[in-house]
Each structure stands twice: as structure tokens, then as C-alpha cells.
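Here is how names work: the chains are called A, B, and so on, in the same order as the sequence lines, proteins then strands, and each is numbered from 1. As the structure is a computational prediction, the values presented were derived from the model and not from experiment.
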Amino acid sequence: MTLFALIDCNNFYVSCERIFRPDLLKKPVAVLSNNDGCFISRSNEVKALGIPMGAPLFKYKYLIDQHNVTVFSANFAFYGDISSRIMHLISEIVPACEVYSIDEVFVDLTDVDSPKDTAHHIRQQVLKCVGIPTCVGVGPTQTFAKVANYLAKKRSVYNGVCILEDPQDIEEALKNLPIKEIWGIGRRLSLRLKQVGINTAYDLKKVDPRWMRQHFTVVGERLVQELNGLSCLSLEEQPEPKKSIQVSRSFANDVTEFDELRANLASYATRLGVKLREQGLKTTTLIIYIKTNRFKEGFYQASQVVNLPQAVNDDANLIKACGKALEQIFKPNLLYKKAGIMALELLPASAEQYSLFKEDKISSNKTEKLSEALDKINKKYGRGTIHSAACGIQLTWKDRKEFKSLSYTTSWSELPIVYAR
DNA sequence: TCTGGGGTCCTAGGACCC
DNA sequence: TCTGGGGTCCTAGGACCC
């Protein structure tokens, strides 16, 4: 029988800021994203005000002023440094661990004599040595460790450590756990599950895994197995090399100049180069993308993949490839050649341009019609009009697929289970 | 007026191959 | 005009995570 623990830092970014501002303990504190756009970390006091995670600042400005909330702009380099101190400390206490995210770590307690004492010891050490409060959840699978952690955070009776080992405790906990709190079930899945009468973790546990696979893919099946105590996920002690690396930013204002877009991309390319070299990696594939403001009507995005003849990690080559990709996106000839579905996706357009084009496309799929539509657009708006709210670059590696696709002529439900990890 | 950034995995479907 | 089986690779998009 396996036993896992999940150590999760409480309100991590806020707690980091409080290390150097002990006067802010028990006071409302929040950390904001790029451009001071959204809340990305909230103290308990701020949560109690009803400000949701990811909410935009402007909607809650009045609460911030009214309750004298201290806000910080995010400082990710600093948070990363605190994180590695914590991870190092924990790795010296336990036999094996997997760093899951900047503020979470799974540890293997299978062969540890007293899991409960160890959990409390970890909590105390992290608080004493680094100054960050944590909660610990313990259970027979990683999914259960997550559940236990959720309870440890939610209910003060646990004193920061919740252990789910006894079958009766587990059943009780699952019956009271809403489906959306399960690790791996987000907004969409929980909606679909509710529609078929699955409302709690306990309901999900009772579902036939094969049925789950048919209707909710292998991901759903794995969830059911984990809730039945069958560990499908194991500890990954050695972090795998990254499969993709990304640099992207939202702009504070709409960008309408091509040159401005290109300049931004070039600076992202440079940052990307640094990341690549730091990790000792090279890339053969580069993807750039642009997106219009997703909160405005006619949201539209475009992307372009560039396959490089050889693996690179130097700034000059990355910038060159970005420029090439950007020009591809905005190249009218390409648009005519690819008239059809693809045309939609490569059209650089404002919301207005986009909808005009779409109307014409629906009336006819013929290339001539599309050309006509384009001419109309060009006459009305001129070529090269750009409205962009965000852009970025992503690098991926060609061999990123671990499993070959299984033949689609074979009946899907009869295939043997293949776990991804 | 103002709405984050960086990842992973899985599936469907088209192009293409023998 | 009808018409197999088995496969790979690639792209796009959906869903999730912190």
C-alpha cells in the first residue's frame, strides 16, 4: 500500500511578500499579475472580502481602497528563490519527493515509520527556516493526498495536517466533497458529470471505469481508479526536460503597428534564448501567436509554426525565425493560396474585418469569392491593420509525443489501459 | 479605460504511406 | 463506380493544472 503526502504553501505569493513585511501578517494582502491586471494570490483576509482568484483589479478597486488592502506587483524571481529553498529543505527530510509546482510538492511516505509526525515536522521546519505557512494532506494515492490537503486547508480542526488512511474516514470525506474539488476536474467536466447525476467524489468513485473511459476518455478513467485507491500516478523524482517553453505578455493597450509587434517579439525571442540556454536545450520548432482582446467581440487569434533546419538556441536565429513567422501570418498571398478553412485562421484582422470575411465565406467556399471578400476588406480597411492584445512565442520539440497513436480502426473501448505516467 | 503567464495531456481528423 | 487494413505524422483545439 502506497502512501503519499502533498505539502502545499498557503497563499504562496502573499506569504513570500510577508516574509519581509511581518507587519502585514493578519492584514489583507494581494499580489497582482503583469500590468497589475489580475489578482493571482490573496491572503485569507482578501478571500473573505469575496475577491475571486484571477479577478481583474478594476472591478474590485473600491474594496481595495475601502479595506486598505496592500497590493504587490508579482516578483516571480523572488518567489522562485523561496520555492527552491523550501523544496531543498523538504528533500532532506523525506526519502523521495516530486516538485509539482512552485508551491506544491508530493512526497512518498510509504515506508516512513510515523507519517503523521513527519507531516507535522515538515510543516514546522518550513515555517521556522523559510517563514512560509503550509498545509499537508496524506493519502494512499496522489489524488487522495490532494483531497486531504484541501480538507487540511478548509478545516482548522486538522491543525494543518489531514491524514486519510482509514477507509471509513475516506468514505466520509468523499461523500462531502463536491465533484469540482477533485484534482483534474475543472469547470467543464464537473458540469457534464453533474448532468449525469454525479455530484460528489463518492458518486464518481462508484462509476464503472470502462463507462468512464468511453464517455470521459482515459483521463476520466484514471480519476475513478485513483479514487478507488489504485495508484495510477507515481512520483517523478527527476524532473523531465521541458517539452515546451513559452514567453508571452498581454499589452497594456491595443497594439496596432506591425513594427511594434515585431519589436516585442524580438525581445521575447531574446528572453526565450536565455531560458533555452539555461536549461541546456535547443529547439527545432518555433510557434508564434497573436491574440486580440478576448473580452472584446470578435475575438480572434492566429499562429504560425516554423520548423528550423537545425536545432538552435542563439538569439540571432530565434529572432530571425520570429520575423519570418510574423511575416507569414501577415502575408496576403498565403491567404489566397489557402482559401478555405485555413484562410480564416491566418487572416490578420480586427474584429470588424474578421466578421466581414466570415460572412462572405459562409455564402460560398470558392476561392474567387474569398478573393472578392478580401478585396473588399482591403479596400475598406487597407492591408496590414493589426489589433493585438497579446502575443508570444512558444518552442516545442518534435519528439514530444511519448505514445504513438493507436489505430482508430480498432474499437476504442476494448484497448488495454495505457497510463501516461 | 483597465481582464496573467506558463505549462501538460488527450483526441479528432486530414494528408500521406504501403 | 465501388472499394481494405493498418499505420505515421501533423495540426488544431479542448480541457486541465498552478
Side-chain angles (χ1 to χ4, degrees), chain A residues 6 8-9 11-13 31-41 52-61 73-74 76 79-80 83 99-105 142-143 146 149 180 182-193 213-223 233 236 239-254 268 271-272 275 285 287 289 291-296 299 301-305 307 338 340-342 344-346 389-410 412 418-421:
Chain A
L6 173 68
D8 190 323
C9 301
N11 314 330
F12 184 56
Y13 300 160
V31 173
L32 301 170
S33 64
N34 178 42
N35 297 332
D36 288 347
C38 293
F39 292 89
I40 54 171
S41 183
M53 179 67 171
L57 173 63
F58 72 89
K59 277 192 185 169
Y60 293 92
K61 195 79 175 59
S73 297
F76 292 105
Y79 309 147
S83 172
V99 176
Y100 178 70
S101 75
I102 193 164
D103 68 337
E104 284 170 285
V105 52
Q142 284 178 299
T143 301
K146 273 272 189 183
N149 194 286
K180 69 171 194 314
I182 300 170
W183 186 32
I185 295 188
R187 216 166 45 86
R188 303 275 179 161
L189 275 184
S190 68
L191 259 176
R192 281 178 60 204
L193 286 167
R213 189 189 182 109
Q214 268 177 27
H215 294 89
F216 292 88
T217 78
V218 65
V219 180
E221 182 187 28
R222 224 178 277 151
L223 281 169
L233 308 166
E236 298 269 332
E240 300 279 314
K242 288 267 185 289
K243 292 173 181 173
S244 70
I245 298 178
Q246 194 177 155
V247 175
S248 67
R249 289 287 177 279
S250 300
F251 302 124
N253 305 300
D254 277 2
Y268 298 173
R271 222 172 316 167
L272 208 47
K275 284 191 181 186
T285 307
I287 304 164
Y289 63 84
K291 297 178 182 192
T292 60
N293 188 330
R294 67 193 158 105
F295 295 96
K296 286 185 184 163
F299 167 74
Q301 58 184 324
S303 64
Q304 178 68 45
V305 182
N307 288 308
K338 296 199 172 185
I341 296 290
M342 286 302 288
L344 258 182
E345 282 151 13
L346 291 173
C391 74
I393 314 165
Q394 188 180 1
L395 303 178
T396 68
W397 284 259
K398 279 210 152 174
D399 56 348
R400 65 186 187 278
K401 280 191 183 166
E402 240 180 295
F403 294 101
K404 303 288 179 198
S405 65
L406 298 162
S407 168
Y408 44 78
T409 47
T410 311
W412 176 229
V418 182
Y419 293 115
R421 295 171 67 178

Is there a side-chain contact between A:Gln142 and A:Leu6, using heavy atoms and a 4.5 Å cut-off? no

Could you check if a side-chain atom of A:Tyr100 sits within less than 4.5 angstrom of a side-chain atom of A:Val105, using non-hydrogen atoms only? no

Under 4.0 Å between any heavy atoms, over every strand shown, what does [X] touch: base, sugar-phosphate, or nothing? Just pick one.
| X | result |
| --- | --- |
| A:Asp36 | nothing |
| A:Ile185 | sugar-phosphate |
| A:Leu223 | nothing |
| A:Ile102 | nothing |
| A:Lys146 | sugar-phosphate |

In Watson-Crick or G-U wobble terms, with both distances under 3.5 Å, the base opposite B:dC18 is C:dG5

Counting side-chain heavy atoms from C-beta on, which of [options] comes nearest to [X]?
| X | options | value |
| --- | --- | --- |
| A:Val219 | B:dC10, C:dC18, B:dT3 | B:dC10 |
| A:Glu104 | B:dT8, B:dC10, C:dC18 | C:dC18 |
| A:Asn34 | B:dG7, B:dT3, B:dG4 | B:dG4 |
| A:Val218 | B:dC10, B:dG7, C:dT11 | B:dC10 |
| A:Cys38 | C:dA15, B:dG4, B:dG7 | B:dG4 |
| A:Thr217 | B:dT11, C:dC17, B:dC9 | B:dT11 |
| A:Asp103 | C:dC18, C:dT11, B:dC10 | C:dC18 |

Could you check how far [atom1] of [X] sits from [atom2] of [N], rounded to whole Å?
| X | N | atom1 | atom2 | answer |
| --- | --- | --- | --- | --- |
| A:Ile287 | C:dG13 | CD1 | P | 12 Å |
| A:Tyr100 | B:dG7 | OH | P | 14 Å |
| A:Gln246 | B:dT8 | CD | C1' | 12 Å |
| A:Ile182 | C:dC17 | CD1 | P | 10 Å |
| A:Arg249 | B:dG6 | CZ | C1' | 10 Å |
| A:Leu193 | C:dC16 | CG | C1' | 13 Å |
| A:Lys61 | B:dT3 | NZ | P | 15 Å |
| A:Ile40 | B:dG6 | CD1 | P | 11 Å |

Taken to the nearest 0.5 Å, the spacing of A:Ile182 CD1 from A:Thr143 OG1 works out to 8.5 Å

In this structure, OG of A:Ser190 is separated from CD1 of A:Ile185 (nearest 0.5 Å) by 7.5 Å

Would you say [N] has OP1 or OP2 under 4.0 Å from some side-chain N or O of [X]?
| X | N | value |
| --- | --- | --- |
| A:Ser244 | B:dG6 | no |
| A:Ser101 | B:dG7 | no |
| A:Ser250 | B:dG4 | yes |
| A:Arg222 | B:dC9 | no |

In terms of ring plane angle, is the pair A:Tyr79 and A:Tyr13 parallel, tilted or perpendicular, where the classes change at 30° and 60°?
-> parallel

Scanning both residues in full, the closest heavy-atom pair of A:Ala252 with A:Asn35 reads N-ND2, 3.6 Å

Item to complete: Evaluate whether the aromatic ring of A:Phe295 and the six-membered ring of the B:dT3 base sit under 5.5 Å apart, centre to centre, with an inclination under 30°.
Response: yes

